[in-house]
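One structure is given below, encoded as structure tokens.
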2 protein chains.
Amino acid sequence: MTEADPTHAPLFEHPAFLLGQLGFHTAGRFADLLAPIGIGPRHFGMLRLLRDHDGQSQQQLSEMLGIHRNVMVGLVDDLEKRELVERRKHPTDRRAHAVYLLPAAHEMLARAYEAVDGLEAELLASFDERDIATLLGLLQRLATANGLRRGIHPGLTSERISPPPCG
Amino acid sequence: MTEADPTHAPLFEHPAFLLGQLGFHTAGRFADLLAPIGIGPRHFGMLRLLRDHDGQSQQQLSEMLGIHRNVMVGLVDDLEKRELVERRKHPTDRRAHAVYLLPAAHEMLARAYEAVDGLEAELLASFDERDIATLLGLLQRLATANGLRRGIHPGLTSERISPPPCG
DNA sequence: TATTGTTATACTCTATAACTATA
DNA sequence: TATAGTTATAGAGTATAACAATA
């Protein structure tokens, strides 16, 4: 099953393909590692945001996460059911809810960060310090040059990034 | 909005996060570039596979693409409607269909490869030859070390890779 | 009139199971 | 009994529009 391509290199020779493949794999593994503690990547992102932006309205939070406010409703519902966040009255706008972290969230965040560390270690197991530094620098340049917002990833599902296949 | 993290580096410092972010972006852009010619990433993968494995059964093809045989039905349906492939009688197994490329598929493949080139150029616009070579080497090592199958990407949807958000 | 949170709807994609015709 | 292709069903996810309360 060697790839014989008359005009183009095999996909293994394309950085774009490898990025897509590795990104999908990474997102899936992240969801896998988060699953045992009972949250998904989107919940992690929300808790992480709240640690620095406690007490904001759902509207504000959804803009910062790059998601629609309708989706935010379900996200806050989930986290409220697990007693990780709380909806309180907004101090200045009676239409809005102010969302606050509850104490349990900090322990949850600590455990989620362990998952992040585990993922990073697993992914980069075969790399030494220098390889990692080189890779990080290149990926940061790519992300910046292609207009990706820092720390905002509109591609992480609750469980899996989702879809089907391709070769 | 500077990231102040007591215990962990901002996500921008995590190769795993950047891979997920860049992978999602890349997959989405690929779908965008393919859309004008009327196919999705999964169709491209199928046509590409058929060029080297013409006349195989749907079962065999779905195994090679890493997808379920039920999904293959719709994929072949799509391609048959566009007269890019054809179902014929399998020479040895009367239960199976043998799938063959039609002439129009070769032109479609050529145009799809232009999209691949365009994506690659867009993504790596700020990189010189040496950067690209370094990146490619690192990504290939990562893909291999993490057990990813060459040229098989079970994460490309018909239109978009799909999901919601995270920070 | 616009905005916040919410709900309802439709649409896409997936995963499972079941059916048929063959093997 | 198992397999190839197909179809049906239910589930998850998203996007859009609409609604009540408030600005």
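Hydrogens, waters and symmetry mates play no part in the numbers below; they use all other heavy atoms, side chains included. Given the structure is predicted, the values throughout are model-derived calculations rather than measurements. Every chain is numbered from 1 and lettered A, B, ... according to where its sequence line falls, protein lines coming before strand lines.
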Given atom [atom1] of [X] and atom [atom2] of [N], what is their separation to the nearest angstrom?
X: Gln58(B); N: dT3(D); atom1: CD; atom2: P; value: 17 Å
X: Leu61(B); N: dT6(D); atom1: CG; atom2: P; value: 12 Å
X: Lys89(B); N: dA21(C); atom1: NZ; atom2: C1'; value: 15 Å
X: Asp77(B); N: dA8(D); atom1: CG; atom2: P; value: 12 Å
X: Glu63(B); N: dA4(D); atom1: CD; atom2: C1'; value: 11 Å
X: His90(B); N: dT6(D); atom1: NE2; atom2: P; value: 14 Å
X: Asp78(A); N: dA12(D); atom1: CG; atom2: P; value: 12 Å
X: Arg87(B); N: dA4(D); atom1: CZ; atom2: P; value: 15 Å

Sort out for me which residue in Leu75(B), Val76(B), Ile67(B) forms a side-chain contact (heavy atoms from CB on, under 4.5 Å) with Ser62(B). Ile67(B)
In terms of side-chain geometry, is the basic nitrogen of Asp93(B) or Arg95(B) positioned less than 4.0 Å from the acidic oxygen of its partner? yes
Residues Asp131(B), Arg141(A): salt bridge by 4.0 Å N-O rule: yes
Between protein and nucleotides 16-23 of chain D, map the contacts as a letter string: B base, S sugar-phosphate only, - none, heavy atoms under 4.0 Å, written 5' to 3'. BBB--BBS
Return the set of residues passing side-chain contact (heavy atoms from CB on, under 4.5 Å) with Glu86(B) (not counting sequence neighbours), or none when no residue passes. Arg88(B), Leu102(B)
Closest non-hydrogen atom pair between Val116(A) and Phe44(A), with its separation: CG2-CZ, 4.0 Å
I need the Met72(B) CE to Leu79(B) CG distance, nearest 0.5 Å. 9.0 Å
OP1 or OP2 of dT4(C) sitting under 4.0 Å from any side-chain N/O of Gln60(A)?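 Result: no.
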